Amino acid sequence: MLELAKYTKELSKLFFSSENILLVCHINPDGDAIGSQLALYHYLKEKNRNVEMISPNYLQEFLKWMDGADLINIFIRNRERCKKLIESADLIVMLDFNQSNRLGEAENHVIASGARKVIIDHHLGLENYVDLAISDPSKCSTAELVHQLINIMNGVPFLHKGYAEAIYVGIITDTGNFEHGTYTGNTFRIVADLVETGIEKEKIINRIYNNFSSDRMQLLGFALNKRMVIIPEYKTAYISLSRNDLNTYNHVKGDTEGFVNLPLSIKRIVFSALFIEKDGFIKLSFRSKGNFPVNEFASKYFSGGGHLNASGGEYADTLENTIAYFLHALKENAWRFDDNKL
Ligand code: 5GP
Ligand code: MN
């Protein structure tokens, strides 16, 4: 665990000596990426800092209600404006990722910028290309880390409704509503404080988890019924969805969120993978129970990364070839599924 007070002095100095602060999250931003970005935004705005936000690509529907989400500039929608924001920033804060390729099309522009750069993150595998990296993989979410940093910098709890909601969203989405991830007693103490500020827990849960289209529910039924393959000898299950499958159910961004978790509720399954066909490549998501390190698996075979039990990556080939390659990778890891090791 990091001793945060060591970092807050420098972070505060950077915040209060910079003219134009830019907050950037990772591509395909999840609740923690957007939650930590918006939370920091609300704090800096309240301190009268000049602050802008960029996401490399679009937000998922279930996050668009969040206070300030409409102020996030989408790089692939408004490239010129985003390039200008990157050029004019003198401080760039990257939230919830540590590898620059998670910036998508914005990567080269951010790297080339002369701005001072900060990473605030909780993933393993930090790349050292920034001026200040505050990286704590013991935190369940970047939102938890942001919250603790802000509490220290602010001296007293920072009370703001949109802020409290953003931290809460980051924590619940990265722990699957306190089901997985590295949440601790401290996480619950933070949540207790947030609840006491009057956040509407039920409203937030409904907006995040109970807000799907009927098409999405049917896609889920189809995925489990027709596209899930179980490999008992490797205690593994995977789901693969082609472009055509997705089109049949009028897929919109975010619809497959959560699918990868479901096979883990099958008895004896400890490793789950989801393959989604994109244009020219396959996006992969991995989840595990216990000590199978899916971050290492994603990084070794699929140019990806993430956490011990939740990771992702990509593979530039057809769905069929990607699955074949995955099965080959699984075979190479057969020893990990030995009962004695689980
Ligand atoms: P998800 O499966 O929900 O998209 O991602 C799970 C975790 O893996 C997240 O923490 C995310 O940041 C990480 N992750 C997903 N895709 C990639 C990827 O392509 N590269 C890296 N480095 N991490 C990824
Ligand atoms: Mn996160």
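Start at 1 and go down the list; that is how both ligands and their atoms are numbered. This one's a predicted model, so the numbers in the text were calculated from it and none came from an experiment.
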Looking only at protein heavy atoms, identify the closest one to [atom] and say how far it is in Å.
atom	value
atom 12 (O) of ligand 1	Arg102 NH2, 2.9 Å
atom 6 (C) of ligand 1	Arg287 NH1, 3.6 Å
atom 15 (C) of ligand 1	Gly312 CA, 3.4 Å
atom 21 (C) of ligand 1	Gly305 N, 3.3 Å
atom 9 (C) of ligand 1	His123 NE2, 4.0 Å

May I ask you to list the atoms of ligand 1 that are less than 4.0 angstrom from any heavy atom of [X]?
X	answer
Ala310	7 (C), 8 (O)
His307	10 (O)
Gln99	22 (N)
Ser285	1 (P), 2 (O), 4 (O)

Could you tell me whether any N, O or S atom belonging to [X] is less than 2.8 Å from the Mn ion (ligand 2)?
X	value
Asp174	yes
His122	yes
Asp96	yes

Step by step, would you call Glu10 with Lys13 a salt bridge (Lys or Arg N to Asp or Glu O under 4.0 Å)? CA-CA 5 Å; Glu10 193 177 347; Lys13 214 158 88 192; over 6 Å; no
Less than 3.5 Å between some nitrogen or oxygen of [X] and one of ligand 1, yes or no?
X	result
Leu284	no
Glu314	no
Lys283	yes
Glu257	no

Looking at Asp32, pick out the N, O or S atom nearest to the Mn ion (ligand 2) and give its name.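 Going through the N, O and S atoms of Asp32 one by one, OD2 ends up nearest to the Mn ion (ligand 2).
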Thr318 side chain to Asn321 backbone, donor-acceptor under 3.5 Å: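 Between the backbone of Asn321 and the side chain of Thr318 there is a qualifying donor-acceptor contact (under 3.5 Å).
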Indicate, with yes or no, if the rings of Phe302 and Tyr325 have centres closer together than 6.0 Å.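 Yes, the ring centres sit under 6.0 Å apart.
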Checking side chain to side chain contact (heavy atoms under 4.5 Å, CB included) for the pair Cys140/Thr184: CA distance, chi angles, key distance, verdict? CA-CA 8 Å; Cys140 75; Thr184 58; over 6 Å; no
Salt bridge (Lys or Arg N to Asp or Glu O under 4.0 Å) between Lys84 and Glu87: does it pass, once the steps are laid out? CA-CA 5 Å; Lys84 281 206 185 92; Glu87 270 163 32; over 6 Å; no
What's the shortest heavy-atom distance between [X] and [Y], and which atoms?
X	Y	value
Val93	Ile21	CG2-CG2, 4.4 Å
Ile86	His109	CG2-O, 3.4 Å
Glu107	Ser100	OE2-OG, 2.8 Å

Step by step, would you call Lys161 with Glu165 a salt bridge (Lys or Arg N to Asp or Glu O under 4.0 Å)? CA-CA 6 Å; Lys161 186 164 179 268; Glu165 287 181 344; 3.6 Å; yes
What I want to find out is whether Arg207 reaches Glu200 closely enough, with some N-O distance under 4.0 Å, to be called a salt bridge.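 No, this pair does not count.
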Can Asp174 and His180 be counted as having a side-chain donor-acceptor contact under 3.5 angstrom?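 Judged by distance alone, the side chains do not pair up.
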